[in-house]
Amino acid sequence: MSAFLDMGGYAAYVWPAYAVTLAVIALNIVWARRLLKRSRKDALQRLAIGGSDQ
Amino acid sequence: MSDFCLKGENVHLWRGDHHVLRGVRFQVEGGECLQLTGANGAGKTTLLRTACGLAYPEGGEITWRGENIRKDLHAFHAQLAYLGHEPPLKAELTARENLRYWIGTRRRLQPQELDGALERVGADQWADRPVRTLSAGQKRRAALAGLTLMRVPLWLLDEPTTNLDAEGQKLVGALIDEHLQAGGVALAAVHHGLAMSTASGLKRMELTVG
Amino acid sequence: MSDFCLKGENVHLWRGDHHVLRGVRFQVEGGECLQLTGANGAGKTTLLRTACGLAYPEGGEITWRGENIRKDLHAFHAQLAYLGHEPPLKAELTARENLRYWIGTRRRLQPQELDGALERVGADQWADRPVRTLSAGQKRRAALAGLTLMRVPLWLLDEPTTNLDAEGQKLVGALIDEHLQAGGVALAAVHHGLAMSTASGLKRMELTVG
Amino acid sequence: MSALSAARLMLARDLKLAFRKRSQLVQPLAFFAIVTTLFPLGVSPELTRLKPMAAGVVWAAALLSSLLALELLFRDDAQDGTLEQYALCGRSLTWLLAAKTAAHWLLTGLPLALMAPLAGLALGAPAAAVPGIVASVAVGTVALSLIGAIGAALTLGIRRSGALLSLLTLPLEIPVLIFGARATELAIDGTAYGAPLQLLAALAVLGLTLAPLAASAAVRINLE
Amino acid sequence: MSALSAARLMLARDLKLAFRKRSQLVQPLAFFAIVTTLFPLGVSPELTRLKPMAAGVVWAAALLSSLLALELLFRDDAQDGTLEQYALCGRSLTWLLAAKTAAHWLLTGLPLALMAPLAGLALGAPAAAVPGIVASVAVGTVALSLIGAIGAALTLGIRRSGALLSLLTLPLEIPVLIFGARATELAIDGTAYGAPLQLLAALAVLGLTLAPLAASAAVRINLE
Amino acid sequence: MAWTWFHKLASPPHVYRVAGRLTPWLAWPAALLIGAGLIGGLVLAPPDYQQGDGYRILYVHAPSAWMSLMVYTTMAVAAAIGLIWRMKVAHAVAASCAPIGASFTFAALVTGSLWGAPMWGTYWQWDPRLTSELILLFLYLGYMGLRSAFEEVQRADRVSAVLAIVGVVNVPIIHYSVIWWNSLHQAPSVMRLGEPTMPLPMLVPLLMMLLGFTLFFGALLLVRLRGEVLSRERAASWISAAVRP
Ligand code: HEM
Ligand SMILES: Nc1ncnc2c1ncn2[C@@H]1O[C@H](COP(=O)(O)OP(=O)(O)OP(=O)(O)O)[C@@H](O)[C@H]1O
Ligand SMILES: Nc1ncnc2c1ncn2[C@@H]1O[C@H](COP(=O)(O)OP(=O)(O)OP(=O)(O)O)[C@@H](O)[C@H]1O
Ligand SMILES: [Mg+2]
Ligand SMILES: [Mg+2]
């Protein structure tokens with residue numbers, strides 16, 4: 001296990017690389033869902049104020 | 001009879017969340033001037049800019065001589081003159097140079113035509129001074145000189161009498177009169193009446209704040 | 001009786017080779033409005049700018065409450081409001097923010113004062129939109145709101161009714177009326193008459209093209 | 001009257017505007033001169049240390065002074081409403097903007113090309129390098145002006161666009177910088193600089209065909 | 001209400017104008033980043049060749065990005081008429097302009113100071129040089145903003161003043177550049193950089209006392 | 001006639017609905033592939049005979065780098081479609097692409113330089129491949145900056161579309177930079193015509209990661225697209241049906 005974590009001496013490079021990439025993936029998921037949620041809320045708000053014209 | 005006819009049908013346009021033009025309809029033909037009135041913010045400027053193709057209506061269409069203006073925008077533009085809220089002049093050039101470069105891209109100008117137009121708007125004194133040094137009314141007059149020089153059938157004017165003195169107001173009326181007499185079409189946004197001699201070709205339309 | 005009195009004596013001013021103001025004299029006192037008329041290029045704007053100390057007269061002098069305005073320019077400026085040809089607003093800020101930063105450098109503003117002034121000029125709908133998106137008349141109205149908020153005895157207005165609709169013209173008249181009633185002084189360059197209820201405090205002066 | 005003669009008039013107008021103030025003509029040059037003197041001041045006065053940087057400095061200075069002049073390219077015309085009139089004149093806006101870009105090159109690129117050898121010599125380049133420097137800067141600034149025109153047109157609707165403009169155009173201009181600096185460096189070293197110069201010319205031609213089209217599309221959108 | 005609180009409001013206004021678009025905050029930084037990448041591209045990718053230039057590059061980039069933002073400092077306000085209102089507000093224009101200059105420094109100088117070490121590191125400076133680089137750029141940009149304010153005020157009445165502005169201000173800014181680059185270089189070399197930093201601070205203080213006065217005089221003349 | 005179905009397909013309500021339904025079909029396979037690729041790449045694949053275990057960065061670097069280019073291309077194509085046919089949905093696609101692409105470009109840069117440290121002895125070099133990838137990041141940032149500088153979505157859409165199209169010239173430059181200039185960076189070994197030059201146990205996890213990332217992009221795009229579509233529709237009646245629970 002510790003041999004695996006050591007990555008043949010490259011741990012200081014390999015793990016940060018994976019960490020950054022996985023962080024980017026996770027953040028993308030969070031951002032995308034937040035965008036969708038926010039625009040849903042905005043749309044509801046607009047409907048509440050203006051009703052639908054045209 | 002000419003076939004000049006500018007027509008708007010059910011024009012819709014938003015600015016931000018604001019539904020500015022809500023199904024506007026209008027029609028002006030050769031020899032007619034449509035006076036656009038309406039409270040501040042009613043959408044007069046927006047309608048004029050849409051009519052000349054600078055803004056894109058999200059609904060409805062605008063036709064000129066029976067065809068959608070977008071079909072051949074260049075040809076349509078070659079037939080119209082648009083004057084906005086501010087006179088389109090370069091501050092560093094003189095009034096005469098401004099006209100030369102502005103009108104010159106549309107048609108070949110004779111120097112005596114230029115002289116004539118400048119005299120018509122009372123620019124003899126200041127035609128050769130940088131526009132930067134002109135008063136607000138003098139700038140407006142220079143823009144009017146440009147308008148007469150364009151020789152196009154369709155005029156779209158946004159408050160053309162702004163900053164003009166009493167005599168200048170009459171000048172605008174006279175210019176539109178002549179334009180209509182020659183079979184031209186005019187669409188003008190105004191708050192006060194236009195000082196025109198004949199009311200025959202005058203139509204009015206009021207925009208309401210949307 | 002207040003001692004408010006703006007007086008110009010024999011004011012001379014050149015612009016380039018042009019002798020624009022040739023010994024202009026005028027006097028306005030508390031409760032009076034001096035309407036400056038004159039053809040385009042007569043020098044109305046130049047006179048207003050000279051009167052508020054932005055331009056330096058090459059001859060004659062301008063006094064306020066009996067003292068040359070140059071003597072204590074800061075104190076003089078603190079008592080005047082000047083509105084030029086263009087409304088002094090930042091396009092990126094909203095109308096409300098503009099007023100806050102503009103008037104705020106002169107005196108402490110209460111939020112409800114701001115609301116009141118904005119409502120007065122009919123800005124309820126657009127007070128919180130960037131000025132960039134406002135129509136020409138809406139911008140002018142925002143500037144008028146600033147004028148009422150300044151609370152100063154001397155108003156110098158350059159064509160304050162430009163771009164305003166009929167109701168806006170009346171608003172300007174009413175604002176000046178109230179200002180005069182409160183003992184204020186006004187100097188306004190105009191081409192048309194001002195829509196004021198009483199003609200009691202109204203004086204006229206015509207500048208001729210020099 | 002054709003689109004071409006309208007474009008010719010536009011060119012004449014922009015040149016007249018620039019020549020109105022005679023002093024404006026020397027300004028891009030003065031700017032360039034000052035920027036190139038900044039480096040010896042900032043780095044070291046020794047020619048042996050300066051020479052290896054000469055090409056880079058000349059190019060960075062050229063790029064920056066071209067960029068500085070750029071913001072004004074369309075902005076002035078947009079503000080006073082003349083650009084709108086040109087968009088409404090019934091002529092091809094593409095040609096008119098190409099003419100404006102040509103004016104920009106004549107007023108900044110060409111003087112820079114004539115000035116660059118001087119800066120190069122001051123930084124330790126040999127006299128034999130002069131034609132190479134002139135050629136590479138002259139061709140490279142054509143590409144810079146064209147790319148810059150796109151950026152200026154894109155940011156037309158935006159206030160205080162200075163930084164955004166450079167953010168948009170610099171990435172696109174970097175290939176020009178790379179090839180230009182390479183050509184200049186080879187010229188200074190006395191080697192054949194034909195290959196990067198050809199690439200530079202290719203970039204300029206690519207720009208010539210694409211940039212006015214992209215710029216006129218962007219201007220029309222921004223006027224809306 | 002005092003002149004000081006009016007100045008505070010002015011500062012708040014300029015910051016709000018800049019913060020209106022969140023994206024504008026990163027722009028001077030992006031510009032700086034791009035300018036510092038230009039040099040390696042133009043000169044050479046090897047760090048050993050880049051390191052001796054690091055100080056010069058950082059400073060030239062700082063100077064240029066400060067200059068770019070400068071033109072807009074008073075121009076925007078003059079064009080829309082708000083500057084005139086400030087000149088007529090009955091408060092000391094000197095204080096108001098000092099506030100504008102402070103806003104300019106907060107929006108360009110300070111971010112540049114925080115960013116400069118990164119650029120330095122990318123060009124081969126050691127990590128130990130970071131405090132020295134930050135200090136010298138932070139102090140130096142104060143002087144740059146102040147000198148620039150004078151130039152911007154002087155060229156207010158002139159169209160297309162970009163090049164003229166740089167022509168006027170760059171000579172005045174060269175002492176800042178020299179001391180600043182020296183301080184940064186010493187910091188990169190790991191030597192004591194106190195002496196040039198003190199000179200830089202002296203320049204900044206001199207600017208603080210003189211620049212707002214000169215700028216307000218120039219603005220009043222140009223408004224006439 | 002042929003266009004009517006196209007426009008109907010691209011109508012906001014339709015897109016909103018279909019995108020919602022399609023998302024899980026992309027998201028789950030993406031999760032599986034990425035998970036399997038991680039195990040394959042980190043555990044099962046043998047060490048490289050030259051680079052030892054250091055080469056394992058490949059499994060996050062190459063897919064990120066691939067995403068940076070693929071997303072930009074998608075964005076440019078969508079922008080062109082939106083500009084030419086004035087199609088709102090295409091603009092919404094382009095707008096959705098930018099933040100995704102920018103984040104993966106950032107990941108490619110970071111993982112690349114982390115890989116470079118042991119292999120080339122430096123985190124950063126001003127090498128054409130590296131530099132042009134950095135430019136790509138600037139382009140994404142410029143695109144987003146330009147977009148956010150406009151208040152009106154419609155104008156932001158159209159102006160930024162021009163930039164996206166112009167910037168696409170950078171994509172082939174990045175891809176071919178290793179061939180056109182002699183670069184530190186290694187030449188294409190997977191994405192090239194003909195035989196890949198990698199042993200199969202190393203190659204399979206890489207291919208899984210590449211496919212997984214691509215599917216993941218598709219899922220992200222759909223979610224963002226729904227948000228964008230909602231925010232640019234004006235009080236249309238379908239919204240109430242779509243949004244109200
Ligand atoms: C900051 C540094 C780096 C950057 C910006 C970078 C960038 C890129 C890019 C953009 C690609 C995709 C190319 C394409 O699809 O056309 C790529 C692929 C690749 N990179 Fe890097 N890279 C970096 C460092 C490295 C290092 C240090 C190595 C290994 C020693 C490496 C090995 C690879 C490999 C093996 C591929 C896949 C190539 C293929 O199969 O097509 N990279 N890199
Ligand atoms: N981005 C925006 N968001 C919301 N409303 C906007 C936006 N842009 C413009 N408007 C509004 O659109 C309306 C139309 O303005 P327009 O300039 O056409 O009016 P106008 O009739 O010409 O007025 P005026 O008589 O004052 O010139 C105004 O009420 C304006 O506030
Ligand atoms: N540098 C200059 N050289 C010569 N004449 C100048 C110069 N600057 C201004 N003028 C002239 O001074 C006169 C005064 O202009 P001013 O703006 O005061 O007029 P105005 O009465 O406000 O006109 P308007 O009704 O058009 O606003 C104008 O005739 C103008 O042409
Ligand atoms: Mg209007
Ligand atoms: Mg006037």
Side-chain angles (χ1 to χ4, degrees), chain C residues 13 15 46 48-58 69-70 72-94 96-109 130-132 139-140 142-143 146-147 149-152 154-156 158, chain E residues 1-25 27 72-100 102-103 107 156-157 213 216-224:
Chain C
L13 191 136
R15 280 274 173 255
T46 312
L48 285 177
R49 291 179 71 83
T50 313
C52 69
L54 279 174
Y56 199 91
E58 281 149 272
I69 58 168
R70 298 265 155 196
D72 186 352
L73 208 54
H74 278 311
F76 174 58
H77 283 165
Q79 293 171 66
L80 76 77
Y82 167 70
L83 283 190
H85 273 297
E86 297 296 320
L89 305 167
K90 289 226 80 79
E92 294 307 310
L93 298 178
T94 67
R96 191 188 303 279
E97 288 165 343
N98 261 295
L99 293 179
R100 189 151 64 227
Y101 292 120
W102 171 21
I103 311 303
T105 45
R106 295 174 150 260
R107 63 188 198 83
R108 228 173 266 297
L109 263 186
V131 164
R132 178 169 34 80
K139 282 181 205 157
R140 177 74 49 181
L147 181 68
L149 284 174
M150 287 209 207
R151 301 261 173 85
V152 288
L154 176 59
W155 284 6
L156 300 167
D158 204 347
Chain E
M1 230 183 83
S2 67
L4 221 71
S5 67
R8 201 154 353 106
L9 205 66
M10 178 67 122
L11 180 66
R13 184 192 82 137
D14 277 14
L15 293 182
K16 166 160 270 165
L17 272 169
F19 278 78
R20 179 103 308 174
K21 295 265 167 269
R22 207 91 43 85
S23 67
Q24 282 191 335
L25 285 178
Q27 284 174 17
L72 303 168
L73 188 53
F74 301 150
R75 158 124 344 193
D76 262 8
D77 284 1
Q79 269 179 356
D80 56 26
T82 48
L83 190 58
E84 200 168 88
Q85 292 296 330
Y86 285 116
L88 286 175
C89 77
R91 308 273 165 209
S92 150
L93 191 57
T94 310
W95 277 101
L96 291 176
L97 296 188
K100 279 193 86 64
L107 291 167
L156 202 58
L213 278 172
S216 80
V219 164
R220 283 210 187 272
I221 293 166
N222 270 321
L223 282 181
E224 194 159 295

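First the proteins, then the strands, lettered A, B, ... as listed; each starts at 1.
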Name the region of [X], side chain, backbone, both or neither, that has any atom closer than 4.5 Å to a heavy atom of chain E.
X: C:Thr94; value: both
X: C:Leu89; value: backbone
X: C:Pro130; value: neither

Identify the two heavy atoms, one from [X] and one from [Y], that lie closest to each other, and give their separation to 0.1 Å.
X: E:Gly81; Y: C:Pro88; answer: O-CB, 3.6 Å
X: C:Tyr101; Y: E:Tyr86; answer: O-OH, 3.3 Å
X: E:Arg91; Y: C:His74; answer: O-CE1, 3.1 Å
X: E:Glu84; Y: C:Tyr82; answer: OE1-CE2, 3.4 Å

Q: Only counting residues at least two apart or in another chain, list the ones meeting salt bridge (Lys or Arg N to Asp or Glu O under 4.0 Å) with C:Arg151.
A: C:Glu113
Q) Among all residues two or more places apart in sequence or in another chain, which pass the salt bridge (Lys or Arg N to Asp or Glu O under 4.0 Å) test with C:Arg96? A) C:Asp115, C:Asp128
Q. Looking at CZ of C:Arg49 and CG of E:Leu88, how far apart are the two atoms once the value is rounded to the nearest 0.5 Å?
A. 8.0 Å
Q) Which value, rounded to the nearest 0.5 Å, describes the distance between C:Arg106 atom CZ and E:Gln85 atom CD? A) 7.0 Å
Q.
side-chain contact (heavy atoms from CB on, under 4.5 Å), that's the test. Do E:Arg13 and C:Leu93 meet it? Break it down for me.
A. CA-CA 9 Å; E:Arg13 184 192 82 137; C:Leu93 298 178; 4.1 Å; yes
Q: Heavy-atom distances under 4.5 Å only: say whether E:Arg220 touches chain C with side chain, backbone, both or neither.
A: side chain
Q) At a heavy-atom separation under 4.5 Å, does E:Ala12 approach chain C through its side chain, its backbone, both, or neither? A) both
**Q.** Candidate list C:Glu97, C:Lys90, C:Glu92, test side chain to side chain contact (heavy atoms under 4.5 Å, CB included), partner E:Lys16, passing option
**A.** C:Glu97
